[in-house]
Amino acid sequence: MAGPSDRAPLAALLERRGLGASELELRRLLAFDPARRHVLCALAPLDGTEVLAGFGAIDVGEDAPDVLVIDERFPSGLGEVLGRVLDERARSRRVA
């Protein structure tokens with residue numbers, strides 16, 4: 001799951017993709033209720049450094065993520081995998 005510590009890497013990813021975001025927009029992307037929304041970061045090594053390779057978000061019960069941003073330096077399949085993981089999480093139900 002994503003959290004406040006992912007703000008700087010998320011800002012860098014969005015900037016690389018030409019989708020700059022304000023501090024308020026970043027906070028909104030990273031502030032969520034896990035019972036209602038799933039927000040994930042995909043981290044991967046690149047040139048000896050761990051980078052944010054993808055970011056996605058989906059509301060519980062929805063069919064598709066409403067946010068899905070992938071670093072273009074990674075294979076296009078990453079978006080499909082991250083999207084599928086988000087879809088599965090949005091459909092899963094918690095057992096009491």
Side-chain angles (χ1 to χ4, degrees):
M1 287 193 0
S5 64
D6 296 307
R7 190 181 60 196
L10 177 57
L13 172 62
L14 293 173
E15 187 66 31
R16 276 193 306 276
R17 297 301 309 213
L19 304 167
S22 68
E23 283 298 314
L24 179 59
E25 290 168 324
L26 291 169
R27 280 192 223 135
R28 284 182 176 163
L29 285 170
L30 293 169
F32 61 96
D33 176 356
R36 296 180 186 185
R37 185 165 174 81
H38 296 283
V39 180
L40 298 178
C41 289
L43 302 171
L46 182 69
D47 299 329
T49 305
E50 188 172 75
V51 298
L52 182 59
F55 177 86
I58 189 170
D59 289 330
V60 170
E62 291 298 319
D63 294 329
D66 58 300
V67 177
L68 187 57
V69 182
I70 304 300
D71 189 320
E72 72 280 354
R73 298 175 292 180
F74 291 88
S76 60
L78 176 61
E80 294 172 24
V81 171
L82 185 54
R84 190 169 42 237
V85 169
L86 286 164
D87 288 344
E88 289 172 7
R89 284 180 170 254
R91 285 186 230 146
S92 68
R93 295 183 185 256
R94 294 170 64 181
V95 177

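Excluded from the calculations below are hydrogen atoms, water molecules and symmetry mates; all remaining heavy atoms, backbone and side chain alike, are included.
Pro65 is listed as a side-chain neighbour of Asp87, based on a closest heavy-atom distance under 4.5 Å. Counting heavy atoms from C-beta on, the side chains of Leu43 and Leu52 come closer than 4.5 Å. Here the side chains of Leu40 and Leu86 are in contact, with some heavy-atom distance below 4.5 Å. Proximity of Asp6 to Val39: side-chain heavy atoms (C-beta onward) are nowhere separated by under 4.5 Å.
Between the CZ atom in Arg27 and the CZ atom in Arg7 there is a gap of 6.5 Å [rounded to 0.5 Å]. Rounding to the nearest 0.5 Å places SG of Cys41 at 6.5 Å from CG of Leu30. The CZ atom of Phe74 sits 4.5 Å away from the CG atom of Leu46 when rounded to the nearest 0.5 Å. Residue Glu88 holds its CD atom at 11.5 Å from NE2 of His38, rounded to the nearest 0.5 Å.
Nearest heavy atom pair, residue Ile58 against residue Asp66, reads CA-OD1, 3.7 Å. Minimum interatomic distance between Glu15 and Gly20 (heavy atoms only, all atoms of both residues): OE1-CA, 3.7 Å.
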* **Test log, rule side-chain contact (heavy atoms from CB on, under 4.5 Å), inputs Asp33 and Arg37** => CA-CA 6 Å; Asp33 176 356; Arg37 185 165 174 81; 5.9 Å; no

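Residues Phe32 and Val60 fall into different hydrophobic clusters, defined by Ile, Leu, Val, Met, Phe, Trp and Tyr side chains chained together at heavy-atom separations under 4.5 Å. Residues Leu19 and Val67 fall within the same hydrophobic cluster, defined by Ile, Leu, Val, Met, Phe, Trp and Tyr side chains chained together at heavy-atom separations under 4.5 Å.
Take Ile70 and apply the side chain to side chain contact (heavy atoms under 4.5 Å, CB included) test, not counting sequence neighbours, and it matches Leu68, Leu78, Leu82. With sequence neighbours left out, the side chain to side chain donor-acceptor pair (under 3.5 Å) criterion links Arg16 to Asp71.
For Arg28, the CZ atom counts as loosely surrounded, since its 6.0 Å shell holds 12 or fewer non-hydrogen atoms of other residues, nucleotides or ligands.
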